[in-house]
S.K.: 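One structure, as structure tokens, below. Some questions next.
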Amino acid sequence: MSSSSSPQHEKDAQLGQVEDAATSDLSSQHHQKQVREDMEIEDGEEVSMLPSPAVAQAPRQKPKLTATFIIPIWIVLSSSVIIYNNYLYNTLHFRYPVFVVTWHLTFAAIGTRILHRTTSLLDGVKDVSMSKDMFLKSILPIGILFSGSLILSNTAYLYLSVSYIQMLKAFNAVAVLLVSWAFRISEPNRKLALIVLMISSGVAVASGGELKFNMFGFIVQAAAVGFEAARLVMIEILLHGLKMDPLVSLHYYAPVCAIINLIALPFTEGLAPFFELAKIGPFILFTNAAVAFLLNVAAVFLVGAGSGLVLTLTGVFKDILLITGSTLIFGSTVTPIQIFGYSVALGGLMMFKLSGNKK
């Protein structure tokens with residue numbers, strides 16, 4: 001009985017193994033298909049300026065504009081924000097950067113909520129699950145760094161020319177790399193070392209050629225670069241590289257930063273800016289904040305308008321245009337040695353942005 005049933009059992013066992021293998025293959029194929037689909041979703045996501053505090057669902061379609069249409073708009077708005085702020089500080093002599101930044105962020109906090117209710121530009125907010133723990137451990141510390149970066153970078157315009165500040169901003173990439181290496185997020189290599197050397201040398205040469213060099217202004221701008229680099233690295237550490245577009249990011253960070261700045265305002269500028277508001281009037285106050293807010297709206301469309309190379313070249317062209325424009329509008333002097341130094345730094349900056357090592 002046992003000998004006659006043994007071949008049958010062996011057949012059944014072999015058949016079972018075949019079925020298990022087939023099921024395993026189907027499961028494996030399904031898993032690989034799902035991975036490919038997930039990768040396609042990731043590849044299709046827009047490259048954003050700031051990560052989100054939670055994983056978003058499948059992104060909804062936003063209205064898209066062509067690169068030839070949105071790039072000039074973004075360049076104009078980006079340059080206008082800097083030139084307008086400099087005009088406010090140094091021509092109208094409203095020298096209160098903490099107040100101006102606080103006003104911009106308050107305007108942005110209100111503006112993003114209006115857009116959230118009336119348009120589809122902030123549909124991504126619905127997909128973000130914000131918890132108290134996430135807010136306290138991620139959004140708040142990043143918001144503090146963001147506030148420090150904004151206040152310090154705006155304060156620098158009181159002491160340095162627009163053209164020189166744009167040259168110093170090339171060092172942002174070096175600061176990000178150095179902080180990333182310090183936190184062991186990325187490892188140094190020869191290519192990155194060459195980039196650091198190029199940008200550092202170029203900025204040093206440009207600084208040596210600055211005719212109206214101000215040490216305090218230089219230190220303030222260097223501190224702003226440090227805060228910005230720390231903010232970008234903290235986003236990588238605390239939010240684990242999760243992404244959202246610039247406008248959704250502003251929706252979360254603007255209220256936090258506005259409150260932080262409002263707390264700092266009495267200890268830095270006091271009531272003085274409120275007494276000086278009559279000097280600039282409501283029109284200047286409103287349009288100054290509106291231009292800054294529209295820049296963030298334009299950034300949403302810019303992100304999906306072109307490739308990384310197009311966006312990098314757009315940023316470089318904007319910086320060159322801004323340096324040239326500031327010399328014409330404000331009469332700041334750019335020396336030949338600064339042009340040479342900035343060209344070297346710009347070469348290193350382009351290598352950094354195109355190398356895939358940015359955070």
Side-chain angles (χ1 to χ4, degrees), residues 41-42 44-67 69-82 84-85 101-130 134-135 138-140 142-143 145-147 149-150 153 228 231-232 235 239 241-261 286-306 308 310-311 314-315 318 358-359:
I41 289 173
E42 280 189 21
E45 285 179 350
E46 295 176 342
V47 180
S48 56
M49 292 168 61
L50 287 174
S52 77
V55 177
Q57 304 293 329
R60 293 180 176 88
Q61 286 282 32
K62 291 185 176 69
K64 291 187 177 181
L65 301 175
T66 61
F69 180 79
I70 192 60
I71 285 176
I73 292 175
W74 180 83
I75 289 175
V76 169
L77 288 172
S78 182
S79 302
S80 296
V81 168
I82 294 171
Y84 206 161
N85 285 350
V101 170
T102 305
W103 164 235
H104 283 189
L105 291 166
T106 303
F107 190 99
I110 297 170
T112 51
R113 276 146 186 81
I114 292 173
L115 289 181
H116 184 206
R117 290 177 178 273
T118 58
T119 72
S120 62
L121 289 175
L122 282 101
D123 280 353
V125 171
K126 300 173 185 175
D127 302 321
V128 175
S129 178
M130 177 63 65
M134 177 67 72
F135 177 82
S138 299
I139 300 299
L140 184 59
I142 293 171
L145 292 172
F146 196 17
S147 288
S149 171
L150 289 172
S153 61
E228 179 64 8
R231 180 183 74 88
L232 294 174
I235 284 172
L239 300 181
L242 303 174
K243 296 179 175 68
M244 62 181 170
D245 68 47
L247 209 52
V248 175
S249 168
L250 195 65
H251 176 86
Y252 284 103
Y253 287 105
V256 176
C257 295
I259 292 171
I260 292 170
N261 289 2
F286 178 83
T287 54
N288 181 250
V291 171
F293 181 68
L294 287 173
L295 174 62
N296 285 281
V297 176
V300 175
F301 294 101
L302 178 72
V303 163
V310 170
L311 299 183
T314 299
K318 184 266 295 181
K358 54 185 180 292
K359 294 294 171 192

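Side chains included, hydrogens not; waters and symmetry mates left out as well; all remaining heavy atoms used. Index from 1, following the sequence.
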S.K.: At what distance, to the nearest 0.5 angstrom, does CZ of R231 lie from OG of S149?
M.R.: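 It is 6.5 Å, given to the nearest 0.5 Å.
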S.K.: For T112, what residues pass the side chain to side chain contact (heavy atoms under 4.5 Å, CB included) criterion, not counting sequence neighbours?
M.R.: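 T112 satisfies side chain to side chain contact (heavy atoms under 4.5 Å, CB included) with L122, L247, L250, H251, F293 only.
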S.K.: Kindly compute the distance separating CG (D123) from NE2 (H116), expressed to the nearest 0.5 Å.
M.R.: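 D123 CG to H116 NE2: 7.0 Å, rounded to 0.5 Å.
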S.K.: Using ring pair (Phe, Tyr, Trp, His ring centres under 6.0 Å) as the criterion, list what pairs up with F286, not counting sequence neighbours.
M.R.: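 Here the qualifying residues are F107.
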S.K.: Hey, are the side chains of F146 and I260 touching, using non-hydrogen atoms and a 4.5 Å cut-off?
M.R.: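 Counting from C-beta outward, F146 and I260 never come under 4.5 Å.
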S.K.: So do R113 and P255 actually touch side chain to side chain, heavy atoms under 4.5 Å?
M.R.: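 They are in side-chain contact.
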S.K.: Just wondering, do N261 and L150 contact through their side chains at under 4.5 Å, heavy atoms?
M.R.: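 No. Closest side-chain heavy atoms not under 4.5 Å.
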S.K.: How many angstroms lie between atom CG of L77 and atom CG of N296, to the nearest 0.5 angstrom?
M.R.: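 With rounding to 0.5 Å, CG (L77) is 10.0 Å from CG (N296).
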S.K.: Can you tell if the side chain of T102 reaches within under 4.5 Å of the side chain of T106, non-hydrogen atoms only?
M.R.: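 The answer is yes; the side chains approach within 4.5 Å.
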S.K.: Got a sec, which residues hit ring pair (Phe, Tyr, Trp, His ring centres under 6.0 Å) with H104, two or more places apart in sequence or on another chain?
M.R.: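 Partners of H104 by the ring pair (Phe, Tyr, Trp, His ring centres under 6.0 Å) criterion come out as none, since no residue qualifies.
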S.K.: Judged by atom type as modelled, is there a donor-acceptor pair below 3.5 Å linking the side chain of S147 to the main-chain atoms of G143?
M.R.: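 Checked: pair present.
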S.K.: Within this structure, what is the CG-CG distance for the pair N85 and N288, rounded to the nearest 0.5 Å?
M.R.: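 With rounding to 0.5 Å, CG (N85) is 5.0 Å from CG (N288).
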S.K.: Can you measure from OG (S249) to CD1 (I139) and round to the nearest 0.5 angstrom?
M.R.: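 The CD1 atom of I139 is 8.0 Å from OG of S249, to the nearest 0.5 Å.
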S.K.: Run the numbers on V291 and L295 for side chain to side chain contact (heavy atoms under 4.5 Å, CB included), then give the verdict.
M.R.: CA-CA 6 Å; V291 171; L295 174 62; 5.9 Å; no
S.K.: What is the distance from atom CD1 of I75 to atom OG of S80, rounded to the nearest 0.5 Å?
M.R.: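 Atom-to-atom, I75:CD1 and S80:OG are 11.0 Å apart.
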